[in-house]
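The structure appears right after this line, and notes come after that.
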Amino acid sequence: MRKWKRVEGADGPRFRSALAAHESELLVSLVTSMLGMLDDRERSAPVDELAEITGMRTGNSVPPQDDTMKRLLPDFYRSATGHPAGSDAAESLNGALRSLHEPEIIDAKRKAAQRLLDTVPAGGGKFELDEDDAQSWVAAVNDVRLALGTMLDIGANGPDRLPGDDPMAGHLDVYQWLTVLQEYLVLSLMGRSR
């Protein structure tokens, strides 16, 4: 992967980079897998008769059971902070907020992921993004990093390396590559270079 290059134009900034063929394929695979997880979560929502009558979409009121999906769709309110009315009230609040907002959160994640898929160079090569596409890339890559980081159990202190014979060592390398890709794009969006 090349660093991102910001080019100012009459219609706003453009962001240029290049990916090797295997990088493009890997990114497509990861984002497609994440979309599949989001689709599964959306399909697991119960049918709401009121939603069918009013047209208001509702989602799951219970948090995901899978740790990766919990990271992508966290609670709105953390009961560990001590809700004044107790933990039952915090769970009820989370359930209500989740039911109301999870469909639009999934839609936003899906939209960002699809824009990335639509703009990643098939088979690798040079490519250019407008500012909206670059923002979508940041969001989609962040979601993939969150999912992969959860699977790797990455916390604030790493790990930075895994032994070469660890079955997750390659996954950590991918996680770090995604981190660099995202960091350089964010810096480019901010008008900075590194």
Side-chain angles (χ1 to χ4, degrees), residues 19 22-80 87-88 90-123 129 132-155 159 162 166-179 181-182 185:
L19 294 172
H22 71 277
E23 292 171 326
S24 287
E25 291 169 14
L26 179 60
L27 203 49
V28 167
S29 175
L30 292 167
V31 171
T32 301
S33 293
M34 185 193 62
L35 281 171
M37 292 177 3
L38 291 169
D39 289 345
D40 289 347
R41 174 66 180 175
E42 188 173 55
R43 280 192 296 271
S44 73
V47 176
D48 182 354
E49 293 174 12
L50 184 59
E52 289 179 6
I53 295 169
T54 65
M56 254 180 64
R57 288 174 51 208
T58 58
N60 283 290
S61 61
V62 295
Q65 298 302 306
D66 175 70
D67 286 340
T68 302
M69 287 307 296
K70 281 182 188 177
R71 187 69 177 105
L72 290 173
L73 300 168
D75 282 336
F76 289 82
Y77 187 87
R78 295 184 193 266
S79 57
S87 64
D88 288 343
E91 282 183 36
S92 178
L93 177 62
N94 273 323
L97 289 171
R98 183 176 293 284
S99 179
L100 287 173
H101 297 293
E102 191 173 277
E104 64 194 39
I105 292 169
I106 289 174
D107 285 349
K109 290 180 181 301
R110 185 182 288 121
K111 181 179 176 186
Q114 191 57 56
R115 281 186 88 161
L116 183 148
L117 291 174
D118 291 344
T119 54
V120 71
L129 305 174
D132 289 339
D133 289 337
Q135 294 286 354
S136 293
W137 271 62
V138 168
V141 169
N142 189 60
D143 284 339
V144 171
R145 282 185 63 251
L146 287 173
L148 193 53
T150 302
M151 289 188 275
L152 290 166
D153 198 24
I154 292 181
L162 291 173
D166 188 303
M168 298 301 278
H171 293 77
L172 181 60
D173 291 343
V174 170
Y175 175 85
Q176 290 170 337
W177 172 73
L178 291 169
T179 301
L181 184 150
Q182 181 185 30
L185 182 52

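Bear in mind that the values here come from a model prediction, so they are computed numbers and not experimental data. Below, all heavy atoms of this structure are taken into account, side chains as well, without hydrogens, waters or symmetry copies.
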Beyond-backbone contact of [X] with [Y], side-chain heavy atoms, under 4.5 angstrom:
| X | Y | result |
| --- | --- | --- |
| Thr58 | Glu102 | no |
| Val174 | Leu30 | yes |
| Leu38 | Met69 | yes |
| Gln176 | Asp173 | yes |
| Tyr175 | Met151 | no |
| Trp137 | Val31 | no |
| Leu172 | Ile154 | yes |
| Asp133 | Asp118 | no |

According to side chain to side chain contact (heavy atoms under 4.5 Å, CB included), who are the partners of [X], at least two apart in sequence or on a separate chain?
| X | result |
| --- | --- |
| Pro63 | Asp75, Arg98 |
| Lys111 | none |
| Asp40 | Arg43 |
| Thr150 | Asp67, Thr68, Arg71 |

Can a donor-acceptor pair be found between the side chains of His22 and Glu25 at a distance below 3.5 Å? no
Closest approach of [X] to [Y] (non-hydrogen atoms, all atoms of both residues):
| X | Y | answer |
| --- | --- | --- |
| Gly59 | Pro103 | N-CG, 3.5 Å |
| Ala140 | Ala113 | CB-CA, 3.8 Å |
| Arg115 | Ser136 | CD-OG, 3.2 Å |
| Leu178 | Arg145 | CB-CG, 3.5 Å |
| Gln182 | Val141 | CB-CG1, 3.8 Å |

In sequence, state the C-alpha distance, the side-chain angles, and the governing distance for Arg110 and Glu42, and then conclude on salt bridge (charged side-chain N to carboxylate O under 4.0 Å, His left out). CA-CA 11 Å; Arg110 185 182 288 121; Glu42 188 173 55; 2.9 Å; yes
Should Asp66 and Arg41 count as an ion pair when the cut-off is N to O under 4.0 Å? no
How many angstroms lie between atom CG of Leu73 and atom NE2 of His101, to the nearest 0.5 angstrom? 13.5 Å
Give the C-alpha distance, both sets of side-chain angles, the deciding distance and a yes or no for side chain to side chain contact (heavy atoms under 4.5 Å, CB included) between Leu117 and Leu35. CA-CA 11 Å; Leu117 291 174; Leu35 281 171; 3.6 Å; yes
With sequence neighbours left out, what residues match His171 under ring-ring contact (aromatic ring centres under 6.0 Å, His included)? none
Pair Trp177-Leu181, side chain to side chain contact (heavy atoms under 4.5 Å, CB included): steps then yes or no: CA-CA 6 Å; Trp177 172 73; Leu181 184 150; 3.8 Å; yes
Residues forming a side-chain hydrogen bond (donor to acceptor under 3.5 Å, both in side chains) with Ser44, sequence neighbours excluded: Asn60
Donor-acceptor contact below 3.5 Å, side chain Ser99 vs main chain Ala96: no
